[in-house]
Amino acid sequence: MGDKTFLNSKFFAKFSIALGKHLPPFLGYGIGHLISSILTLNKHSWMNRSIRSNQWVIHDGSITEKELHRKNQAVLNHAARCYYDYYHTLSDEEAVRELVPKTQEIETFLELSKKDQGVFVVAPHLSNFDLVVRALVMYGLETKILSYENPTGAYHIQNEIRASTGLDITPFRDGEAFTETTQYLKAGGMAATGVDRPVQIRKQKHMLEFFGRPSALPVGHITIALAANVPISVVAVNMSADGTYKFLHTGPLPLQRHPNRIEEIILNAEMVNEVMERYIRQAPEQWLMYYPVWPQLLDAKP
């Protein structure tokens, strides 16, 4: 079993939940750090190659082998911290509030979700997004989460947990999800999804620029937002030095119209990508993307 299969397995998800539920923080963080250190040892594994190539690109290719190894380990160590905090607080709302305090940034986002106009929320895989979304739901957020179709293993368990906290989880199926989400947004709803995980290139009609390089990132959020005539809001999460998680958002960003359909999609998708770039650069070691965003650079060397 490769590291990709292992980390996405139900066994690993249940193991992480058990550790999070029953271990105190000093043990949970310590074991998480140990596991991440062990996983980093094999720099030729699929997951580490993906993390390293992604970090190499977002650091503009100006990073040494030693620094790249440290970034790789820091990403996995932060992921372990996020998993522990998320699972450790599953049944403790007060602990969630302590880790994700209600800020003015959150207040303005909640107000945005209660307006009559719909908004499509998109995000990169930065830091402990699941924990922050759970906190937002506790604070009164109502939203539809678009997830990957037919989730298996760890993804299936994660979606079950998300649904148990009150989130509306909608698998993204071609046609069906497009129509449902478009109508939901037109009616004033808020939908959300991650948009920094690349799709299969053979299904991608065009590539998008991301950190100055072409990538097969998705464009479904743009086509839906254009069809529903609603703005996009880019959101992100990062962990502060004190261990709390900070929620960031742009507010509604109107989409630009263009007579050429393909140019219209590319123009708006790359506008979103530029905002995600800024958020990722603020906390590059908290970008928990285990898939190669630029597969053509999977084996890039410093």
Side-chain angles (χ1 to χ4, degrees), residues 1-10 12-13 16 35-36 39-40 42-59 61 63 68-69 71-80 82-83 86 122-130 145-159 162 171-172 192-221 234 236-237 269-270 272-273 276-277 279-281 283-301:
M1 178 185 293
D3 57 356
K4 176 186 176 183
T5 304
F6 175 68
L7 292 174
N8 290 335
S9 67
K10 285 187 176 182
F12 183 75
S16 300
I35 293 174
S36 65
L39 288 174
T40 311
N42 182 11
K43 68 179 183 180
H44 299 295
S45 71
W46 187 90
M47 179 186 65
N48 286 330
R49 288 167 61 212
S50 299
I51 293 172
R52 288 164 64 89
S53 69
N54 292 342
Q55 289 290 315
W56 185 81
V57 171
I58 68 176
H59 285 87
I63 188 170
L68 194 57
H69 178 78
K71 300 293 183 186
N72 189 170
Q73 187 168 14
V75 169
L76 291 178
N77 192 48
H78 184 71
C82 291
Y83 285 132
Y86 180 62
V122 300
H125 287 72
L126 265 174
S127 196
N128 208 336
F129 207 82
D130 274 314
I145 302 292
L146 301 184
S147 67
Y148 294 104
E149 184 179 1
N150 300 322
T152 59
Y155 290 115
H156 181 73
I157 292 176
Q158 288 171 356
N159 280 346
R162 290 165 181 162
F172 194 90
T193 193
V195 294
D196 58 339
R197 175 177 165 179
V199 297
Q200 293 182 3
I201 294 179
R202 63 184 176 82
K203 294 182 179 180
Q204 187 77 351
K205 294 181 180 179
H206 47 259
M207 302 288 277
L208 301 175
E209 186 170 296
F210 191 41
F211 284 95
R213 298 176 184 271
S215 176
L217 292 182
V219 296
H221 54 295
V234 186
V237 173
E270 292 186 341
V272 168
N273 290 354
M276 289 200 299
E277 286 179 25
Y279 282 141
I280 291 171
R281 287 191 190 278
E285 294 167 9
Q286 296 182 26
W287 189 33
L288 307 182
M289 177 48 58
Y290 314 127
Y291 293 83
V293 177
W294 301 271
Q296 70 275 23
L297 299 173
L298 192 58
D299 294 309
K301 302 294 183 181

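- Among all heavy-atom pairs drawn from Ala283 and Leu126, the shortest one is O-CD2, 3.7 Å.
- Between Leu76 and Met47 there is a side-chain heavy-atom pair separated by less than 4.5 Å.
- Ala123 and Asp196 make their closest contact through O-OD1, 4.0 Å (heavy atoms, listed as atom of the first residue, atom of the second, distance).
- Interatomic distance, Phe129 CZ to Gln286 CD, rounded to the nearest 0.5 Å: 13.5 Å.
- Residues Pro284 and Gln55 have side chains in contact (heavy-atom distance under 4.5 Å, counting atoms from C-beta outward).
- When every heavy atom of Met289 is checked against every heavy atom of Ile51, the shortest pair comes out as O-CG1, 4.0 Å.
- Under the 4.5 Å side-chain criterion, counting only non-hydrogen atoms from C-beta, Ser215 is in contact with Trp294.
- Here the CD1-OG1 distance, from Ile35 to Thr40, works out to 11.5 Å after rounding to the nearest 0.5 Å.
- If you take CD on Glu270 and CE on Met207, they are separated by 11.0 Å, rounding to the nearest 0.5 Å.
- For Asn72, the side-chain hydrogen bond (donor to acceptor under 3.5 Å, both in side chains) partners at least two apart in sequence or on another chain are Asn48.
- Within the 3.5 Å criterion, the main-chain N or O of Pro214 finds a donor-acceptor partner in the side chain of Gln296.
- Under 3.5 Å, the side chains of His78 and Ser127 contain a donor-acceptor pair of N or O atoms.
- The nearest pair of heavy atoms linking Leu297 to Ser53 is O-CB, 3.2 Å.
- With sequence neighbours excluded, the residues satisfying side-chain hydrogen bond (donor to acceptor under 3.5 Å, both in side chains) with Gln73 are Ser37.
- Arg281 pairs by the salt bridge (Lys or Arg N to Asp or Glu O under 4.0 Å) definition with Asp60, not counting sequence neighbours.
- Within the 4.5 Å cutoff, no side-chain heavy atoms of Lys71 are placed close to those of Arg52.
- Using a 30° and 60° split on the angle between ring planes, Phe210 and Trp287 fall in the perpendicular class, above 60°.
- With a 4.5 Å cut-off on side-chain heavy atoms, Leu217 and Val293 count as touching.
- Interatomic distance, Glu285 CD to His59 NE2, rounded to the nearest 0.5 Å: 6.5 Å.
- Annotation: the span from Lys43 atom NZ to His69 atom NE2 amounts to 9.0 Å, rounded to 0.5 Å.
- Considering all non-hydrogen atoms of both residues, Leu298 and Arg49 come closest at CD2-NH2, 3.1 Å.
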